[in-house]
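What follows is one structure encoded as structure tokens, with my remarks underneath.
Given the structure is predicted, the values throughout are model-derived calculations rather than measurements. Counting begins at 1 with the first residue of the sequence.
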Amino acid sequence: KKKKKKKKKKKKKKNPFVAISDGPTPQYPEPPQAAASPNHPNNQEEEVVPKALPSPGAAASTPAPKKKKKKRPSLRPSDDVESPKPNLTDGSSDFEDEGLQDGLFTPSPARRNSSGDAFLDEFWSAGSTTSRRAPSDPPALIIGDLPTSASTSASPMPSPQARSLEPPRPQVPQEYKSLPVHGNEQLYFKAVTFSSASTPPALNILNVSAQTLQPEKYLHSWQVNVVPCGPESTEHTPPLVKPNREFHGELAGDYASHRLMFLAVTDKGVYFVAPPLPPGEGATFDAHPPLSCVRLPLASLVRLTIGFFFQRLSLTFSTSHLFVLLCSTKEACYDLLKCLAPVANEARCNDGTYGESKVRIDNDDKSWLTHFQEVAGSGEVRGYRVVRQQWKSGGRDVVRRVLVVMEDRLVLADESYGQDGSTASQLLPPGTPKLSIVDVDSLKNVVEVRPADEDPRQITVVFKQKNTFRRGHKWRLMCWDGREAEKVVEAVRMGVAAAKATVK
């Protein structure tokens with residue numbers, strides 16, 4: 001009873017921050033806040049330690065301590081914490097804004113200048129293992145398709161001081177001054193680069209001095225996908241080495257992708273030209289800087305090798321340079337042969353430095369078939385196409401493959417070329433094809449071959465499931481253009497029909 005009386009006599013302390021009802025609310029200063037510090041007691045987590053139970057006499061006087069909960073880490077990104085940098089070793093792209101767009105390398109405006117040095121350094125020596133997802137629709141090309149992005153084995157470009165002196169800007173005809181270079185490349189070569197019959201071409205030539213050149217007559221140019229092979233070729237055109245992937249998308253080594261370039265031919269030289277700047281600042285005929293290129297004498301072209309099923313054309317020069325052009329169609333390969341062989345023979349007869357014999361034209365069908373049978377087994381090959389494999393999810397980049405239609409099965413394989421910059425081709429002679437199997441399935445298991453609705457270049461090959469515990473798988477492939485996709489679909493369907501007819 002005495003304890004209860006003492007408790008009633010105690011006066012309650014008034015809280016000075018509680019508003020008074022019978023008068024105006026006084027304005028009190030807010031209590032000072034502690035500085036944000038990781039060592040401050042307010043910012044530290046307190047562990048809940050179980051305490052001993054109080055005695056019965058002290059239970060009424062001292063309230064029980066409240067348990068404090070541990071702070072959980074927030075899942076939302078904070079403004080003052082830097083987001084983790086993306087891992088570029090898995091093939092993901094981190095430079096969409098300044099990467100490869102619309103079939104051309106697009107440097108950011110800050111990296112451009114009047115001489116084009118920043119653009120060339122970025123194009124030739126872009127150092128990264130990243131690659132870019134294929135855009136939804138590439139531009140119309142004469143030969144080939146879109147480029148791939150950066151390189152790991154790219155040798156650095158020589159400094160601007162070590163290069164040949166940049167030629168003066170040529171006189172552009174008045175009617176062409178406002179035309180954009182993008183989309184009018186052949187006209188630009190003819191009217192600007194090789195316009196004058198009395199002055200050398202207006203180009204930044206990387207492997208020879210521009211002062212030693214003589215006036216040349218422009219003949220033709222193509223937009224091609226180039227794979228340089230050998231140390232001489234990769235010195236000024238570094239290979240584009242990208243991460244390779246297995247069938248399901250796991251990283252597996254590397255491979256050398258192709259580089260989009262312009263192949264210009266004159267009566268005296270062969271030029272591998274870097275693509276011009278895209279539409280924008282300095283992209284008109286009048287304001288565009290001279291393009292950079294690698295020049296080889298036309299008379300030094302000694303051999304033209306046609307790839308299997310006319311999917312590629314290899315150019316071999318007596319200067320030990322070798323370039324593999326991925327033509328992808330028989331028409332494109334024939335167009336190159338029809339132009340290059342006659343003018344090269346004429347140049348060799350007139351020059352005399354590299355011999356007067358004609359250019360040798362051959363194919364590698366026999367050697368390719370022998371190597372393919374060693375890798376994939378014997379059988380008749382009824383179709384062959386250079387394609388690219390893509391994945392529906394995971395943000396993976398497309399990877400170049402070859403699709404082989406045999407009499408009883410479909411083969412999806414990797415194809416590299418000797419000394420093209422990839423690890424698997426270092427010990428091979430320059431330009432020699434090397435195959436490695438990615439996936440094989442029987443033509444009897446093909447359920448459907450359908451083209452994609454959104455992109456005419458894409459096709460999907462659906463295989464039935466092999467057992468009840470495993471679902472069917474799909475090959476998602478991308479061809480160079482819509483016509484090639486139709487040919488691939490037709491070849492696979494004919495193979496499936498023939499395989500099922502033999503069973504019956």
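At least one side-chain heavy atom of Thr319 sits under 4.5 Å from a side-chain heavy atom of Leu296. Here the side chains of Val461 and Leu410 are in contact, with some heavy-atom distance below 4.5 Å. With a 4.5 Å cut-off on side-chain heavy atoms, Trp391 and Val399 count as touching. Between Val227 and Cys229, the closest side-chain pair of non-hydrogen atoms falls below 4.5 Å. The shortest side-chain heavy-atom distance between Leu337 and Leu340 does not fall under the 4.5 Å cut-off. Residues Leu336 and Leu263 meet the side-chain proximity criterion, which asks for heavy atoms closer than 4.5 Å. Counting heavy atoms from C-beta outward, Val359 and Arg348 have side chains that approach closer than 4.5 Å. Side-chain contact between Phe308 and Val381 is present, with heavy atoms from C-beta onward closer than 4.5 Å.
Within 6.0 Å of the CD atom in Glu246, the count of heavy atoms belonging to other residues, nucleotides or ligands exceeds 12. A 6.0 Å sphere centred on CZ of Arg382 holds more than 12 heavy atoms belonging to other residues, nucleotides or ligands.
Under the 3.5 Å distance criterion, with hydrogens and angles disregarded, no donor-acceptor pair is assigned to the side chains of Gln419 and Tyr417. When only modelled atom types and interatomic distance are considered, Asp335 and Trp222 share a side-chain donor-acceptor pair under 3.5 Å. No hydrogens or angles considered: a donor-acceptor pair under 3.5 Å links the side chains of Ser422 and Ser425. A side-chain N or O of Arg303 and one of Thr305 form a donor-acceptor pair less than 3.5 Å apart. No side-chain N or O of Arg476 forms a donor-acceptor pair with one of Gln390 less than 3.5 Å apart.
The heavy-atom pair separating Pro243 from Leu251 by the smallest distance is CB-CD2, 3.9 Å. In plain terms, the two heavy atoms of Ala264 and Phe194 that are nearest each other are CB-CE1, 4.4 Å. Across His220 and Cys339, no two heavy atoms sit closer than the pair CB-SG, 4.2 Å. When all heavy atoms are compared, the tightest approach of Val343 to Leu298 is O-CD2, 3.6 Å. Arg493 and Pro451 make their closest contact through NH2-CD, 4.3 Å (heavy atoms, listed as atom of the first residue, atom of the second, distance). A pairwise comparison of heavy atoms in Thr284 and Ser178 identifies CG2-O, 4.0 Å as the closest pair.
In this structure, Gln311 contributes its side chain and Ser328 its backbone to a donor-acceptor pair below 3.5 Å. The backbone N or O of Ser221 lies less than 3.5 Å from a partner atom in the side chain of Gln186, making a donor-acceptor pair. A donor-acceptor contact shorter than 3.5 Å links the side chain of Ser300 to the backbone of Pro297. Remark: side-chain polar atoms of Asn207 are paired, donor with acceptor, to backbone N or O of Arg295 under 3.5 angstrom. Of the possible donor and acceptor atoms, one in the side chain of Asp267 sits under 3.5 Å from a partner among the backbone N and O of Lys217.
Salt-bridge check for Lys338 with Glu331: failed, with every basic side-chain N at 4.0 Å or more from each acidic carboxylate O. For Lys366 and Asp364, the salt-bridge test fails: no basic side-chain N is under 4.0 Å from an acidic carboxylate O. Under 4.0 Å is where a charged nitrogen must lie from a carboxylate oxygen, and between Glu415 and Arg312 at least one such pair does.
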Intermediate values then yes/no, salt bridge (charged side-chain N to carboxylate O under 4.0 Å, His left out), Lys487 and Glu484: CA-CA 5 Å; Lys487 293 179 182 179; Glu484 283 298 303; 3.6 Å; yes
Determine whether His371 and Leu435 satisfy the following criterion, side-chain contact (heavy atoms from CB on, under 4.5 Å), listing intermediate values before the conclusion. CA-CA 8 Å; His371 175 55; Leu435 295 166; 3.8 Å; yes
Apply side-chain contact (heavy atoms from CB on, under 4.5 Å) to Arg400 and Tyr255, showing your working. CA-CA 9 Å; Arg400 191 182 70 229; Tyr255 79 102; 4.0 Å; yes
Audit row: Tyr188, Leu179, side-chain contact (heavy atoms from CB on, under 4.5 Å) steps and yes/no: CA-CA 9 Å; Tyr188 182 79; Leu179 283 178; over 6 Å; no
If you apply the rule side-chain contact (heavy atoms from CB on, under 4.5 Å), what do you find for Leu313 with Ile306, and how did you get there? CA-CA 5 Å; Leu313 180 67; Ile306 305 171; 4.1 Å; yes
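Put simply, the residue from Val488, Leu412, Thr460, Val492 that forms a side-chain contact (heavy atoms from CB on, under 4.5 Å) with Leu477 is Leu412.
For the atom pair Leu322 CG and Thr234 OG1, the distance stands at 11.0 Å (nearest 0.5 Å). Summarising the geometry, atom CZ belonging to Phe317 is positioned 5.0 Å from atom CG belonging to Leu301; distances are rounded to the nearest 0.5 Å. Note that the CD1 atom of Ile459 and the CD atom of Glu448 stand 12.0 Å from one another [nearest 0.5 Å]. Between atom NZ of residue Lys444 and atom CG of residue Asp408 there is a gap of 7.5 Å, rounded to the nearest 0.5 Å. Taken to the nearest 0.5 Å, the CZ atom of Arg396 stands 7.0 Å off from the CD atom of Glu250. With values rounded to the nearest 0.5 angstrom, Leu304 atom CG is found 12.0 Å from Asn363 atom CG.
No close placement of the Tyr334 and Phe310 rings is indicated, their centers lying 6.0 Å or farther apart. For Tyr218 and Tyr271, the ring centers sit 6.0 Å or farther from each other.
Ring orientation note: the planes of Trp368 and Phe372 are close to parallel, at an angle under 30° on the 30°/60° scale. Taking the six-membered ring where tryptophan is involved, the planes of Phe247 and His473 are perpendicular, since the angle between them exceeds 60° and thus also 30°.
A cation-pi arrangement is absent between Arg401 and Trp475, since the terminal nitrogen or guanidinium carbon is not both under 6.0 Å from the aromatic centre and inside a 45° cone about the axis.
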